[in-house]
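Within every chain, numbering begins at 1; the chains are lettered A, B, ... in the order of the sequence lines, protein sequences first and strands thereafter.
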2 protein chains.
Amino acid sequence: MSAGDRRKQAVTSHDVARAAGVSRASVSRAFAADGNISPKLRSHVLQVAQDIGYSVNQIARGLNRQRSDLVGIIASRLDNPHRSAQVEALTKGVVAQGLRPLLFCIERNEPVDRILGLLLDYQVSGVIITSGSPDETIVERCAAHEVPLILVDRPNTDWERVDHVTGDNVAGGRMVAQALQEKGRSHIVVVRPRRITHAMSERVDSLVTTCGEFDIAVETILMDGSDYDAALQCVSHWLTTQNAPVRDGSTALFVPNDISALGALDALRVTGLAVPQDIGLMGYDDIAQAAWVGASLSTVRQDPETIAAEVLTLLARRIETPDGPPTTIRIPVTLKLRSTH
Amino acid sequence: MSAGDRRKQAVTSHDVARAAGVSRASVSRAFAADGNISPKLRSHVLQVAQDIGYSVNQIARGLNRQRSDLVGIIASRLDNPHRSAQVEALTKGVVAQGLRPLLFCIERNEPVDRILGLLLDYQVSGVIITSGSPDETIVERCAAHEVPLILVDRPNTDWERVDHVTGDNVAGGRMVAQALQEKGRSHIVVVRPRRITHAMSERVDSLVTTCGEFDIAVETILMDGSDYDAALQCVSHWLTTQNAPVRDGSTALFVPNDISALGALDALRVTGLAVPQDIGLMGYDDIAQAAWVGASLSTVRQDPETIAAEVLTLLARRIETPDGPPTTIRIPVTLKLRSTH
DNA sequence: TTGAAAGCGTTACCAT
DNA sequence: ATGGTAACGCTTTCAA
């Protein structure tokens with residue numbers, strides 16, 4: 001009576017042990033994948049457990065094991081369908097590994113530090129960062145807690161125990177340049193956000209390099225943001241101020257993410273330009289909306305599922321072997337030629 | 001030496017207590033919001049804690065308190081921008097409350113049961129379900145664990161301790177009917193998924209009722225799925241098989257979610273119909289893509305942030321007072337009249 | 001293979 | 001207001 005007042009009605013391994021006539025240790029072993037326990041006893045325990053409605057308290061297990069089987073995912077801008085697809089794939093992958101995803105959505109340039117603290121306090125088994133700019137501090141904190149860190153689409157630093165997964169932006173940028181060159185474009189206008197992500201700049205740099213080989217002129221214009229509206233406004237404005245009109249089909253725009261490319265497309269059409277006759281356009285990511293018949297945007301596909309799969313392979317490996325060498329995986333990308341190039 | 005082999009390098013409240021010359025209890029109180037502790041001692045402890053890099057182990061705290069400050073969010077189809085916006089708003093709200101979001105993305109008709117088990121094993125402080133069909137079993141399991149359950153866009157059952165938040169679908173459906181009537185439409189075609197969600201059927205039913213008052217004829221056609229492609233195919237097919245051509249402007253389509261409405265819009269345009277001159281169209285949700293200039297879809301806005309805010313108010317209240325009466329909140333919706341109605 | 005007992009790091013109760 | 005101590009529910013040595 002005196003003790004146990006604050007406890008809720010909850011079935012514990014102790015209850016199972018008593019009901020099954022075994023020790024708590026055996027109950028634990030019955031639920032452990034590799035427990036040293038006879039098949040006979042295990043099935044008995046499992047049966048009893050099911051009968052009385054027991055399941056392992058993961059918090060207690062986590063305290064004991066000093067890790068929680070939770071995985072932190074840090075992302076931003078889920079309004080970009082490429083991101084939300086990535087997050088969906090990642091969460092499903094995490095669950096498939098027997099882990100649980102803790103999702104944090106951050107603002108455009110919110111520091112990752114604060115969030116990381118929250119995650120570490122939960123003894124996470126790993127952290128996946130798809131957005132934000134992880135600096136060395138973060139890496140060190142993860143390392144101090146022995147928490148694996150997987151970076152998606154981040155600059156490929158050579159930090160210990162940190163793995164990277166990214167689409168092959170260099171190949172992607174080259175593919176765009178080639179596709180445009182084959183269509184006879186002699187002038188490419190890169191429309192990119194003022195504050196560019198690493199992945200985008202890889203794409204752009206590769207395109208610029210390739211264009212150099214092709215003797216294609218490249219010009220860059222900057223937009224404030226990386227969403228639909230930013231591109232719509234930027235390109236609209238550019239079309240009105242541009243001294244040299246460009247409706248002869250010699251020019252094409254490259255916008256290094258689809259959500260912005262679709263804004264650019266609308267800006268071109270509103271101005272009365274025919275795409276691809278008067279001017280060409282290519283995006284990057286291959287979000288669902290790019291394939292919509294109203295857009296039919298030519299782009300480069302980075303498959304979120306493939307990326308997620310590699311992230312989880314790496315994570316599983318590093319949970320197993322925390323001290324393995326840092327690995328970087330570049331996922332192949334594919335050209336999706338539709339109507340706008 | 002013998003003991004402590006498996007412990008990681010981690011600073012505990014014990015370390016802080018020793019360094020600050022106080023008891024572990026005082027350290028705990030220093031970190032508790034309402035701890036009975038003198039301001040002086042608290043600031044001292046906090047200072048020492050910061051110096052040696054201590055933060056509360058949430059797993060240990062969770063074990064003791066019998067709840068983890070984790071909140072489960074169950075969602076599906078993040079490829080629908082309305083959903084991803086909802087999830088983003090929800091996760092941010094959860095964090096703002098000092099809780100942490102555990103996100104599970106489920107497949108179209110995956111049972112929620114399995115996932116719920118995972119959540120309950122983590123002693124979550126609450127569960128938010130925005131997808132899937134929670135049956136009585138789920139409610140009972142949450143109740144048994146004293147875990148608050150908030151349902152978004154679900155049928156308003158009268159289960160104890162379960163709260164509901166939903167957009168005002170009845171008002172929304174009526175608004176659509178009125179807007180269409182004012183444009184002189186005399187025939188409305190409802191394009192809806194074969195397996196309709198509760199929220200959608202509320203919208204449709206309300207529209208049908210209102211159309212009855214207006215003497216507007218309503219016809220329903222069924223699509224296989226509730227995404228862009230489903231609507232594109234369904235409407236395209238309907239346009240070719242329809243015996244009575246409908247290009248006189250008397251007809252309008254109502255598609256009860258925007259992502260499908262945009263598919264319907266493309267189907268109409270591909271067929272050469274001018275929208276809204278030849279035929280009208282309205283959607284529902286007001287996703288970002290509806291406002292894109294290429295679409296300019298007339299729709300009804302349900303604000304995901306408002307919905308999330310109400311969900312969190314309810315959750316906080318129920319964590320505080322588990323036995324309060326079940327509450328249902330209907331969020332007001334607003335008409336977004338653009339170019340297609 | 002099984003059981004007993006010692007933690008895992010925290011908070012809450014009970015004294016002082 | 002503060003300190004000692006007993007849980008919280010589990011896993012994991014260590015013995016048998």
Side-chain angles (χ1 to χ4, degrees), chain A residues 1-45 49 52-69 120-123 145-146, chain B residues 1-45 49 52-69 120-123 145-146:
Chain A
M1 279 300 130
S2 58
D5 263 333
R6 82 172 198 267
R7 86 154 47 160
K8 289 177 187 172
Q9 184 72 338
V11 182
T12 74
S13 73
H14 189 84
D15 300 326
V16 179
R18 215 174 22 203
V22 299
S23 69
R24 262 149 53 243
S26 291
V27 177
S28 174
R29 285 191 272 257
F31 280 89
D34 59 339
N36 269 338
I37 187 175
S38 67
K40 186 178 163 188
L41 183 54
R42 160 172 281 156
S43 67
H44 175 225
V45 170
I52 67 177
Y54 169 81
S55 59
V56 179
N57 179 330
Q58 297 291 335
I59 298 294
R61 160 182 282 184
L63 177 58
N64 185 296
R65 294 223 191 137
Q66 318 225 49
R67 61 161 225 252
S68 61
D69 285 0
L120 263 17
D121 289 346
Y122 274 93
Q123 317 287 96
H145 291 251
E146 298 187 11
Chain B
M1 280 303 129
S2 58
D5 262 334
R6 84 172 196 267
R7 86 154 48 159
K8 290 178 186 173
Q9 183 72 339
V11 18
T12 74
S13 72
H14 190 85
D15 300 325
V16 179
R18 213 171 25 202
V22 299
S23 69
R24 259 148 60 241
S26 292
V27 176
S28 175
R29 285 191 272 258
F31 280 89
D34 61 339
N36 268 338
I37 187 175
S38 69
K40 187 178 161 185
L41 183 56
R42 162 173 282 158
S43 67
H44 175 225
V45 170
I52 68 178
Y54 168 81
S55 58
V56 179
N57 179 329
Q58 298 290 337
I59 297 295
R61 158 181 283 183
L63 176 58
N64 186 294
R65 294 224 193 135
Q66 318 225 53
R67 60 162 227 251
S68 62
D69 285 0
L120 264 15
D121 289 346
Y122 274 93
Q123 316 289 98
H145 290 250
E146 298 187 11

Donor-acceptor pair, [X] side chain versus [Y] backbone, under 3.5 Å?
X	Y	answer
B:S13	B:R24	no
B:N64	B:R61	no
A:R42	A:R29	yes
B:S68	B:G62	no

Quickly work out the [X] [atom1] to [N] [atom2] distance and round it to whole Å.
X	N	atom1	atom2	answer
A:D15	D:dC10	CG	C1'	13 Å
A:I37	D:dT12	CD1	P	14 Å
B:Q66	D:dG9	CD	P	5 Å
B:R65	D:dG9	CZ	C1'	17 Å
A:N64	D:dT11	CG	C1'	4 Å
A:H14	C:dA5	NE2	P	13 Å
B:R67	C:dT11	CZ	P	12 Å
A:D69	D:dC10	CG	P	15 Å

Categorize [X] for me: base, sugar-phosphate, or nothing, with a 4.0 angstrom heavy-atom threshold over every strand shown.
X	result
B:F31	nothing
A:V27	nothing
A:I59	nothing
A:N57	sugar-phosphate

Side-chain N,O ([X]) to OP1/OP2 ([N]) below 4.0 Å:
X	N	value
B:S23	D:dG3	yes
A:S28	D:dT12	no
A:S13	D:dG9	no
A:Y122	C:dG9	no

Look up atom OH in A:Y54 and atom CZ in A:F31, then write down how far apart they are to the nearest 0.5 Å.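 Going from the OH atom of A:Y54 to the CZ atom of A:F31 covers 6.0 Å.
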Polar side-chain contact B:R29-C:dT11 base: donor and acceptor under 3.5 Å: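 Check fails, no donor-acceptor contact within cut-off.
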For the side chain of [X], starting at C-beta, report the closest nucleotide among [options].
X	options	value
A:N36	C:dT2, D:dG9, C:dG9	C:dT2
A:R61	C:dA12, D:dC10, C:dT2	D:dC10
A:V22	D:dC10, D:dG9, C:dG3	C:dG3
B:R24	C:dG7, D:dT5, C:dG9	D:dT5
A:S26	C:dG3, D:dA6, D:dG9	C:dG3
B:A25	D:dC10, C:dT10, D:dG4	D:dG4

side-chain hydrogen bond (donor to acceptor under 3.5 Å, both in side chains) involving A:S55 - partner list, sequence neighbours excluded: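 Only B:D121 meet the side-chain hydrogen bond (donor to acceptor under 3.5 Å, both in side chains) criterion with A:S55.
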